[in-house]
Peer 1: 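First, the structure itself, so that you have it in front of you.
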Protein chains: 2
Amino acid sequence: MKTPEELVARFRKQGYKVTPQRQLIFRLLNGNTAHPTAETLYEVAAQQMPGISLRTVYQTLSELSAMGEVQHIDLGSGAVRFDPNVDDHHHLVCSTCGVVHDVYVNQTPLHFEGDVEGFAVHSTRIVFSGECARCAHLSA
Amino acid sequence: MKTPEELVARFRKQGYKVTPQRQLIFRLLNGNTAHPTAETLYEVAAQQMPGISLRTVYQTLSELSAMGEVQHIDLGSGAVRFDPNVDDHHHLVCSTCGVVHDVYVNQTPLHFEGDVEGFAVHSTRIVFSGECARCAHLSA
DNA sequence: TGATTATCAACAAGTCATGCTAGCTAACAG
DNA sequence: CTGTTAGCTAGCATGACTTGTTGATAATCA
Ligand SMILES: [Mn+2]
Ligand SMILES: [Mn+2]
Ligand SMILES: [Zn+2]
Ligand SMILES: [Zn+2]
């Protein structure tokens with residue numbers, strides 16, 4: 001994702017107004033590695049800006065997603081998560097606490113076997129599930 | 001997944017009654033490579049057994065899932081899909097028509113890099129997205 | 001300053017999945 | 001064969017997540 005300053009410029013250029021709400025969300029996403037849901041991002045935002053609406057958070061995330069500034073990741077466990085890291089990367093998910101980490105896989109493109117003649121692969125999504133070190137430690 | 005006959009035995013052994021509805025679902029899933037949703041499975045079932053309820057389809061799929069006879073796959077696009085293939089395999093999804101194919105990846109376990117010391121990986125899920133041959137042909 | 005757009009609140013709707021009730025029916029043990 | 005029990009269906013409700021709508025207010029930016 002671009003920096004908050006670059007996003008301000010980009011929004012203005014596209015005819016979107018630069019509101020305090022949008023700027024707040026830009027800042028909260030900047031360098032954010034937590035893979036937050038709209039809801040959790042809203043909670044953090046509401047602390048710094050009481051009165052901001054969940055609807056606006058969803059709206060701004062959709063705009064950023066449409067612009068390719070964030071990706072939205074469906075890990076198949078509840079709400080969609082948003083990721084300002086738009087590099088080619090994959091995810092490691094702790095089944096216990098739900099924490100999500102970025103990981104990079106070098107063996108791509110992967111080879112596969114199957115009855116799928118003529119299929120053109122455009123993207124590959126890998127999710128590793130397991131138990132993080134902290135959860136392993138707590139349950140020991 | 002076990003054969004319908006084996007499932008009948010297994011259900012009986014666990015104290016579950018063997019009803020025509022359950023047996024129909026066993027048969028519809030047997031060798032099924034379509035990765036159906038509960039809804040689509042219900043539609044097929046209802047043709048052969050008018051009056052069967054969607055609730056019962058969901059219920060039986062949950063039971064089979066709890067028994068490990070089917071896996072449920074969340075591809076992040078709408079409803080969960082059910083898969084009687086419980087081998088270690090992955091999926092290829094056409095972004096256009098939504099068809100899902102089984103694929104087998106040999107390079108597992110995959111290596112990855114990232115700041116994830118001590119994480120114990122229990123499972124890996126790979127989804128390849130792209131365009132199937134039929135959709136490529138139609139759009140050409 | 002003025003036109004445009006965003007925001008908010010409140011409410012609705014849609015999708016997917018599950019829960020609950022009541023009454024009827026069917027399975028299976030004895 | 002029969003009684004007990006479980007499962008079935010219809011109908012309605014709930015829940016999580018997400019998006020749409022409307023109308024009033026406020027802020028942005030040319
Ligand atoms: Mn990420
Ligand atoms: Mn499969
Ligand atoms: Zn954990
Ligand atoms: Zn296709």
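Below, all heavy atoms of this structure are taken into account, side chains as well, without hydrogens, waters or symmetry copies. What you see is a predicted model; the values in this text were computed from it and never measured. We name chains A, B, ... by the order of the sequence lines, and we start the count at 1 in each one.
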Peer 1: Within the 4.0 Å heavy-atom criterion, would you say A:Gly51 contacts the bases, only the backbone, or no part of the nucleic acid?
Peer 2: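 A:Gly51: backbone/sugar contact only, no base atoms under 4.0 Å.
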
Peer 1: For the pair made of OH in B:Tyr58 and P in C:dT18, what is the distance, rounded to whole Å?
Peer 2: 7 Å

Peer 1: Could you check whether atom CG of A:Asp87 has more than 12 heavy atoms from other residues, nucleotides or ligands sitting under 6.0 Å from it?
Peer 2: yes

Peer 1: How long is the line joining CD1 of A:Ile52 and P of C:dA9, in whole Å?
Peer 2: 10 Å

Peer 1: Donor-acceptor pair, B:Gln71 side chain versus B:Asn85 backbone, under 3.5 Å?
Peer 2: yes

Peer 1: Output the rounded distance in Å from CG (A:Leu54) to P (C:dA10).
Peer 2: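 Roughly 14 Å, once rounded to whole Å.
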
Peer 1: Of the nucleotides C:dC28, D:dC29, C:dA17, which one has an atom closest to the side chain of A:Arg12?
Peer 2: D:dC29

Peer 1: Would you kindly give the CG-to-C1' distance between B:Leu24 and D:dT9, to the nearest whole Å?
Peer 2: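 In whole Å, D:dT9 C1' lies 16 Å from B:Leu24 CG.
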
Peer 1: In whole angstroms, how far is the P atom of D:dC17 from the CG atom of A:Asp74?
Peer 2: 12 Å

Peer 1: To the nearest angstrom, how far is B:His72 atom NE2 from C:dC16 atom P?
Peer 2: 16 Å

Peer 1: On DNA chain C, does the nearest nucleotide to A:Arg22 precede the nearest nucleotide to B:Phe82 from the 5' side, or the other way round? Give the residue.
Peer 2: A:Arg22

Peer 1: OP1, OP2 of C:dC8 versus side-chain N and O of A:Thr56: anything below 4.0 Å?
Peer 2: yes

Peer 1: What is the separation between atom CZ on A:Arg55 and atom C1' on D:dG23, rounded to the nearest whole Å?
Peer 2: 15 Å

Peer 1: Within the structure, does a side-chain N or O atom of B:Gln21 lie under 4.0 Å from either OP1 or OP2 of D:dT9?
Peer 2: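 For B:Gln21, the contact criterion (side-chain N or O under 4.0 Å from OP1 or OP2 of D:dT9) is met.
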
Peer 1: Taking NE2 in A:His137 as the centre, count heavy atoms belonging to other residues, nucleotides or ligands within less than 6.0 Å. Is the count above 12?
Peer 2: no

Peer 1: When you measure from the side chain of B:Lys17, which nucleotide among D:dT5, C:dT7, C:dT18 comes out closest?
Peer 2: D:dT5

Peer 1: Among the candidates C:dA27, D:dC29, C:dA17, find the nucleotide nearest to the side-chain atoms of A:Val18.
Peer 2: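 Selected nucleotide (nearest to the side chain): D:dC29.
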
Peer 1: Which sits closer to the 5' end of DNA chain C, A:Val57 or B:Glu39, going by the nucleotide each is nearest to?
Peer 2: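 Its nucleotide being nearer the 5' end, the pick is A:Val57.
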
Peer 1: Would B:His72 and B:Asp83 count as having a side-chain donor-acceptor pair, cut-off 3.5 Å?
Peer 2: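 Looking only at side-chain atoms, B:Asp83 and B:His72 do not form any donor-acceptor pair under 3.5 Å.
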
Peer 1: Looking only at atom types and distance, does a side-chain atom of A:Gln23 sit under 3.5 Å from a main-chain N or O of A:Pro4, one as donor and one as acceptor?
Peer 2: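 A pair under 3.5 Å: no.
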
Peer 1: Should A:Thr19 be listed as having a side-chain N or O under 4.0 Å from OP1 or OP2 of D:dT28?
Peer 2: no

Peer 1: For A:Tyr16 and D:dT28, what is the distance between atoms OH and C1' respectively, to the nearest whole Å?
Peer 2: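 Computing the A:Tyr16:OH to D:dT28:C1' distance gives 16 Å.
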
Peer 1: What nucleotide among C:dC8, C:dT5, C:dA27 has an atom nearest to a side-chain atom of A:Ser53?
Peer 2: C:dC8

